Amino acid sequence: MSTPPPTIAVLISGRGSNLRTLIAAQDGYTITEVLSNKADAGGLEFARKAGIATSVYPRSNFASVAEQKAAIFSRVAELNPTFCILAGFMMIVPQDVTARHPHWIVNIHPALLPALPGLHPHARAVAERHAEHGCTVHFVDAGIDTGPIIAQAAVPLLTGDTEESLAGRVLDREHELFPWVIQKLARREIRVISGNLEYSISARTEAYERNFRLPRYD
Ligand code: GRF
């Protein structure tokens, strides 16, 4: 009996450029639904055009943020995807969910974690004159941008960089890194064994060739 192909559910809140790259890169995994906490999230259009189911959970439909989040994550539980992907999803995941599923929710954060977690990382990188900046794909735990790092891509800061110029260069790297990580997770070339991340030789080789950083192999 053949095993069913890995599925992902993607959660968004905004323009959805990362979602768009995940849609384009659908190879080895299938996106079964795109969920948004904002009815006007631009990314929903990318999903609709690709014929992917969408569901929206606007704040005004719920008595509290807690109920809004509970509805989102109960739909994700119903979908039961291989991985739950946060692609610009601007809500904190409830702790009961992260506690139940330690290596299931995957987020992209536009900074080289553990540096610059939280909001406005590009502005802070410029203001604090960091030599380099970048993006991180990581599993989500109970903290904010604190979960186990899966892979990173760095960019140097250039003279005259602004928050916008830096964000643009980081976003280009996000669009390379994120689908690559999701494909590798789906194919089990990156996997978690007894709580530790393990990378296949080909994943390590490709990461080296594409200038991605893997936490245990640099
Ligand atoms: C990206 O920079 C991502 O790293 C962060 O939110 C932004 C979302 O952008 N978590 P988009 O909606 O994917 O274009």
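This one's a predicted model, so the numbers in the text were calculated from it and none came from an experiment. Just so you know, ligand 1 is whichever comes first in the structure, and atom 1 is the first atom listed for that ligand. All residue numbers in this chain count up from 1 along the given sequence. Values below: all heavy atoms of this structure, side chains included; hydrogens, waters and symmetry mates excluded.
Nearest to atom 9 (O) of ligand 1 among the protein's heavy atoms is Arg15 NH2, 3.2 Å. For atom 10 (N) of ligand 1, the nearest protein heavy atom (residue, atom name, distance) is Ile108 O, 2.9 Å. Nearest protein heavy-atom contact of atom 6 (O) of ligand 1 is Gly88 CA, 3.6 Å. Atom 1 (C) of ligand 1 has as its closest protein heavy atom Glu174 OE1, 3.1 Å.
Residues forming a salt bridge (charged side-chain N to carboxylate O under 4.0 Å, His left out) with Glu176 (at least two apart in sequence, or on another chain): Arg173.
For the pair Arg187 and Asp27, the salt-bridge criterion is met [side-chain N within less than 4.0 Å of a carboxylate O].
For the residue pair Ser13 / Asn37, a side-chain donor-acceptor distance below 3.5 Å is found, with atom types taken as modelled. Between Ser202 and Glu189, the side chains place a donor N or O and an acceptor N or O closer than 3.5 Å (distance only, hydrogens not considered).
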Distance-only donor-acceptor pairs under 3.5 Å for side chains of residues 124-132, two or more places apart:
from   : atom 1 : to     : atom 2 : distance (Å)
Arg124 : NH1    : Pro117 : O      : 3.0
Arg124 : NH1    : Leu119 : O      : 2.5
Arg124 : NH2    : Pro117 : O      : 3.1
Glu128 : OE1    : His130 : NE2    : 2.8
Glu132 : OE1    : Arg213 : NH2    : 3.0
Glu132 : OE2    : Arg213 : NH1    : 3.1

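When the heavy atoms of Ala87, Ser13, Gly16, Gly42 are ranked by distance to atom 12 (O) of ligand 1, first place goes to Gly16.
Residue Pro110 approaches ligand 1 through these ligand atoms, each under 4.0 Å from one of its heavy atoms: 2 (O), 4 (O), 5 (C).
Some N or O of Ser17 is nearer than 3.5 Å to an N or O of ligand 1, by distance alone.
Ring geometry for Phe139 against His103 counts as perpendicular: the plane angle is over 60°, on a 0 to 90° scale with 30° as the lower cut.
Residue contacts with ligand 1 leave out Gly43, since none of its heavy atoms falls under 4.0 Å from the ligand.
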